[in-house]
Amino acid sequence: MTKFFDSNLIKDEIDEIHELQLVCFENAFAFDTMSYKDQKDHIDSLLTLLEKQKIMYARLCLSDDPEAKKTKSHLENSVSLLGFPKGTSMQMLFDKMETTIATLRDKMGDK
């Protein structure tokens, strides 16, 4: 471990992000069949996850720690695995995620 990843704050945030990712993934494919309340909770979880990811990415950007820089680079390079063109910025990814969440929220209004 390095200084960045030795921080209890960082460890706790990574654990929270991981837990939220699991919850969001479990519910992702059942969205259309969920109750209104469950859909709202799912969207709230997605928004919380996205905010935590943005904060973690900002922390990685601000760190001089070699492992943090390596992780940041890995995240930036993995954006293309999500179907975005190579070189797509993390900000563009975050913006697209926000748009997708807004679309889900709008879809709920149709019920």
Side-chain angles (χ1 to χ4, degrees):
M1 286 274 187
T2 61
K3 186 176 180 183
F4 182 83
F5 290 104
D6 282 341
S7 163
N8 286 334
L9 175 69
I10 296 299
K11 286 179 186 178
D12 290 346
E13 284 295 312
I14 289 172
D15 287 345
E16 286 182 41
I17 288 170
H18 179 72
E19 289 298 318
L20 278 167
Q21 286 173 328
L22 290 174
V23 168
C24 290
F25 183 75
E26 286 175 7
N27 295 325
F29 300 105
F31 188 79
D32 287 334
T33 61
M34 291 177 173
S35 69
Y36 179 84
K37 181 190 179 314
D38 289 342
Q39 285 181 342
K40 184 180 178 316
D41 290 346
H42 179 68
I43 288 172
D44 290 343
S45 293
L46 289 170
L47 288 170
T48 300
L49 174 60
L50 182 57
E51 286 305 311
K52 288 186 176 294
Q53 289 172 328
K54 288 169 136 180
I55 291 167
M56 182 58 68
Y57 181 71
R59 287 184 173 135
L60 290 168
C61 289
L62 294 171
S63 178
D64 289 332
D65 183 274
E67 285 300 313
K69 288 181 178 186
K70 183 177 172 182
T71 301
K72 176 185 171 276
S73 178
H74 175 72
L75 287 171
E76 292 169 344
N77 291 331
S78 66
V79 172
S80 63
L81 297 174
L82 298 172
F84 289 88
K86 188 173 177 127
T88 299
S89 72
M90 290 299 292
Q91 186 58 51
M92 183 177 279
L93 172 68
F94 292 142
D95 290 347
K96 180 63 177 165
M97 291 172 141
E98 286 177 342
T99 300
T100 300
I101 294 169
T103 300
L104 284 174
R105 180 174 280 136
D106 290 346
K107 182 179 179 181
M108 286 179 58
D110 293 339
K111 291 187 174 185

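These numbers come from the heavy atoms of this one structure, side chains and all, not from hydrogens, waters or symmetry mates. Just so we're clear, the structure is a prediction, and the values are computed from it rather than from any experiment. The residues of the chain are indexed from 1 along the displayed sequence.
Of the charged side-chain nitrogens involved, none lies within less than 4.0 Å of a carboxylate oxygen, so that K11 and D15 do not count as a salt-bridged pair.
Taking CD of E51 as the reference point, atom CE of M97 lies at 11.5 Å (rounded to 0.5 Å). Summarising the geometry, atom CD belonging to E19 is positioned 11.0 Å from atom SG belonging to C24; distances are rounded to the nearest 0.5 Å. The NE2 atom of H42 lies 10.0 Å from the CG atom of L49; values are rounded to the nearest 0.5 Å. For the atom pair CD1 of I43 and OG1 of T48, the computed distance is 12.0 Å after rounding to the nearest 0.5 Å. Taking NZ from K52 and CG from L47, the interatomic distance works out to 12.5 Å, rounded to the nearest 0.5 Å. Atoms CG and CG, on N27 and L22 in that order, are 11.0 Å from each other to the nearest 0.5 Å.
Here E76 pairs with Y57, K72 under the side chain to side chain donor-acceptor pair (under 3.5 Å) rule; sequence neighbours left out. With sequence neighbours excluded, no residue forms a side chain to side chain donor-acceptor pair (under 3.5 Å) with K69. Applying the side chain to side chain donor-acceptor pair (under 3.5 Å) rule to K70 yields no partners; only residues at least two apart in sequence or on another chain are considered. E13 is linked by a side chain to side chain donor-acceptor pair (under 3.5 Å) to nothing, counting only residues two or more places apart in sequence or in another chain. Residues that satisfy the salt bridge (charged side-chain N to carboxylate O under 4.0 Å, His left out) test with D95, not counting sequence neighbours, are absent from this structure.
Under the 4.5 Å side-chain criterion, counting only non-hydrogen atoms from C-beta, K96 is not in contact with L82. The shortest side-chain heavy-atom distance between Q39 and K107 does not fall under the 4.5 Å cut-off.
Side-chain heavy atoms closer than 4.5 Å link hydrophobic residues (I, L, V, M, F, W, Y) into clusters, and following such links, possibly through other members, connects M90 to I14. Linking ILVMFWY residues whenever their side-chain heavy atoms come closer than 4.5 Å, directly or via other members, leaves M56 and M92 in distinct clusters. Linking Ile, Leu, Val, Met, Phe, Trp and Tyr whenever their side-chain heavy atoms come within less than 4.5 Å puts F84 and I101 in one cluster. Residues F5 and L75 share a single hydrophobic cluster, defined by chaining ILVMFWY side chains whose heavy atoms lie under 4.5 Å apart. Neither L62 nor I55 shares a network with the other; the hydrophobic side chains, linked directly or stepwise wherever heavy atoms of I, L, V, M, F, W or Y lie under 4.5 Å apart, form separate groups for each.
A donor-acceptor distance shorter than 3.5 angstrom exists from the side chain of S35 to the backbone of D38, with no hydrogens or angles considered. T88 places a side-chain N or O within donor-acceptor distance of the main-chain N or O of P85, the cut-off being under 3.5 Å. Remark: the backbone N or O of E67 is paired with a side-chain donor or acceptor of T71 at under 3.5 angstrom.
Across all non-hydrogen atoms, the minimal contact from M108 to Y36 is CE-CE1, 3.3 Å. Shown here for L20 and S45, the closest heavy-atom pair between the two residues is CD2-O, 4.1 Å.
In K54, the NZ atom is crowded: over 12 heavy atoms of neighbouring residues, nucleotides or ligands sit closer than 6.0 Å.
Here the options are T100, D44, L46, the test is side-chain contact (heavy atoms from CB on, under 4.5 Å), and the partner is R105; only D44 passes.
Through side-chain heavy atoms spaced under 4.5 Å, either directly or across other Ile, Leu, Val, Met, Phe, Trp or Tyr residues, F29 is tied to F25.
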